[in-house]
Protein chains: 2
Amino acid sequence: MVYTQKIRREILVECAYELVEREGVEALSMRRLAQIVDVRASSLYHHFPEKSALLSAVAEQGLFHLAAALERASTLVSSDPRRQIYAMGMTYREWGLQHSHLYRLLFAGTPPIEDASSASPSATVAPVLAATEVLVGASQATAAAQAIWAFVHGFVMLELTGHMQQCLPVEGFQLGLACFVQGLGR
Amino acid sequence: MVYTQKIRREILVECAYELVEREGVEALSMRRLAQIVDVRASSLYHHFPEKSALLSAVAEQGLFHLAAALERASTLVSSDPRRQIYAMGMTYREWGLQHSHLYRLLFAGTPPIEDASSASPSATVAPVLAATEVLVGASQATAAAQAIWAFVHGFVMLELTGHMQQCLPVEGFQLGLACFVQGLGR
DNA sequence: GTCTATACCTTGATAGAC
DNA sequence: GTCTATCAAGGTATAGAC
C-alpha cells in the first residue's frame, strides 16, 4: 500500500485544541486544521464524521484538564470543606480566564453528551459535590453544588464576555464565594 | 427615482428578533431575513453595515425587555431589598428560560457596546444594584450585585446548555438565592 | 483503508447599474 | 434604496487513486 497513515485522531484533537486555545473556535475550520497537519480537508472526515464531533473531542480534553485542576486544588488544602470550596472556586475562575477560548467552547452551545466513558461536565463538578456533601449533608449536596457551580461559571462567563469592566471583579467573586461558604454551613 | 423604500430599520430588527426567538441565532441569515421582508439580501446592508450590527440591535431589544421585566418584578413586591432580590432573581431565570434563544444571544460572544443611549447590560443590573445598595451599603453594593448577577446568569446558562438535567434545578436555584439574601444581610 | 481531487451548497459581503 | 452579479469561505459528500 502506498498511502500510509499520515494523521492520527489524537494528533488532530491535539492540534485543534491548541488552535482553539490560541485563536478561538472561529479560527478552527476543517481546511485550516487540514493544512496544519498537511492533508486535505476531506481526509479529516475519515477520522471525524463531522466538525462538531471534532469540537466535542476538543471540549472533552478541556473538561479533563479543568477537572484535574480542581482535583488538585481540592486536595492541596486541608480537608475542611469550606477551604476546599474556596480553593476550587478560585482555581476554576483562574482556569477559565486563562483558557478563555477553550472555556467558551466547553459551555457554549454543545449539549453535553454525558458519555459515561471519560470527562463529562458532571465529572467536573464531582469534587465540588464531595465537598458540599460533607458541608450540608447528602440531601442538599446536589443543590448546593449546583448553586456554587452556577455562581462560579456565571462569573467567569460575564468576565469573558466583557460584562464586568467596572471596578475589580475579584471583590464580587470573593464576596459571593464567601456567601456560599458561610451560608451553606447554616 | 425608481426604487422606493420597501423596508425600515425597525421592521428589520423586529423580524430578526422574532426569528431569533423562534428558531435561534443560527436560523437568522441575511438571505432568510431578506426573504421574509421580500427584498434581496444585499439591500439589508444599506440598513446595517454588517450582520453583527443587526444582531446587536436585536440583543439590545432583548436587554430592554429583560430589564423591564426586572423593574416590574422589583416594584411589585414590598420595598424590602431581600424580597426584591429574590423576586428579581426568580423573574430573571424565568425570562431566560422562556426566551432561551434570545438569552443566549444577549450574552454569547458579543462584547457589550456600553452605548450610553438605551438598553445596555449594566442597565439590566441597575435595579439589582439599587437593592444591594440598601442591603449592604454603597461600598459593597457593586460587588454584591455582581455576585448575584453572576449566580443567576450562570444558573440560567447551565440550564440552557443542558448541564443540569439531574434532579430539580429549582432547588439549587432557590438555595443559592437564599444564601445571598441571608449572607449579604450580614 | 487512507488520502486526493473535485464539486455542491450555504453564507457574509461588495461593486455597480437603475 | 434596491437590484443583479459575483466573490471568497466554509462544511460536506462522493468518486477514485494507490
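A note on names: the letters A, B, ... follow the listed sequences, proteins ahead of strands, and every chain is numbered from 1. Side chains included, hydrogens not; waters and symmetry mates left out as well; all remaining heavy atoms used.
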Given atom CG of L33(B) and atom P of dT2(D), what is their separation to the nearest angstrom?
12 Å
Qualifying residue for side-chain contact (heavy atoms from CB on, under 4.5 Å) with I148(A), from V125(A), T132(A), L129(A)
T132(A)
Could you tell me how far apart Q35(A) (CD) and dT4(C) (P) are, to the nearest whole angstrom?
13 Å
Looking at side-chain heavy atoms only, is the closest gap between L175(B) and V136(A) below 4.5 Å?
no
Which residues in residues 5-25 of chain A have a heavy atom closer than 4.0 Å to any atom of DNA chain D?
none
Side chains of residues 33-46 of chain A: which donor-acceptor pairs under 3.5 Å do they make with residues two or more places apart or in other chains?
| residue | atom | partner | partner atom | Å |
| --- | --- | --- | --- | --- |
| S43(A) | OG | R40(A) | O | 3.3 |

Between CZ of R40(B) and P of dC18(C) the distance, given in whole Å, is 17 Å
Could you give all pairs that pass the side-chain hydrogen bond (donor to acceptor under 3.5 Å, both in side chains) test and reach residues 13-34 of chain B, with sequence neighbours left out?
Y17(B)-H65(B), E21(B)-H99(B), E23(B)-R32(B)
V128(B) side chain near Q84(B) side chain, heavy-atom distance below 4.5 Å:
no
Would you indicate what V39(A) reaches in the nucleic acid, counting non-hydrogen atoms under 4.0 angstrom: base, sugar-phosphate, or nothing?
sugar-phosphate
L44(B) CG to dT11(C) C1', in whole Å, measures 13 Å
Rounded to the nearest angstrom, tell me the gap between atom OH in Y3(B) and atom C1' in dT2(D).
6 Å
Fit a plane to each ring of F180(A) and F180(B), take the angle between them on a 0 to 90° scale, and name the class: parallel (under 30°), tilted (30 to 60°) or perpendicular (over 60°).
perpendicular
Taking only the side-chain nitrogens and oxygens of H47(B), find out if one of them lies under 4.0 Å from OP1 or OP2 of dT2(D).
yes
Summary of ring-ring contact (aromatic ring centres under 6.0 Å, His included) pairs that have at least one residue in residues 121-145 of chain B, sequence neighbours excluded:
none
Show me the side-chain donor-acceptor pairs of residues 89-96 of chain A shorter than 3.5 Å, one per line, residues at least two apart or across chains.
| residue | atom | partner | partner atom | Å |
| --- | --- | --- | --- | --- |
| T91(A) | OG1 | A87(A) | O | 2.8 |
| Y92(A) | OH | Y103(A) | OH | 2.7 |
| Y92(A) | OH | W149(A) | NE1 | 3.1 |
| R93(A) | NE | E159(A) | OE1 | 2.7 |
| R93(A) | NH2 | E159(A) | OE2 | 3.0 |

Quick one, give me the B/S/- string for nucleotides 5-12 of chain D, reading 5' to 3', where B means a protein heavy atom under 4.0 Å from the base and S means that only happens at the primed atoms, P, OP1 or OP2.
-----BBB
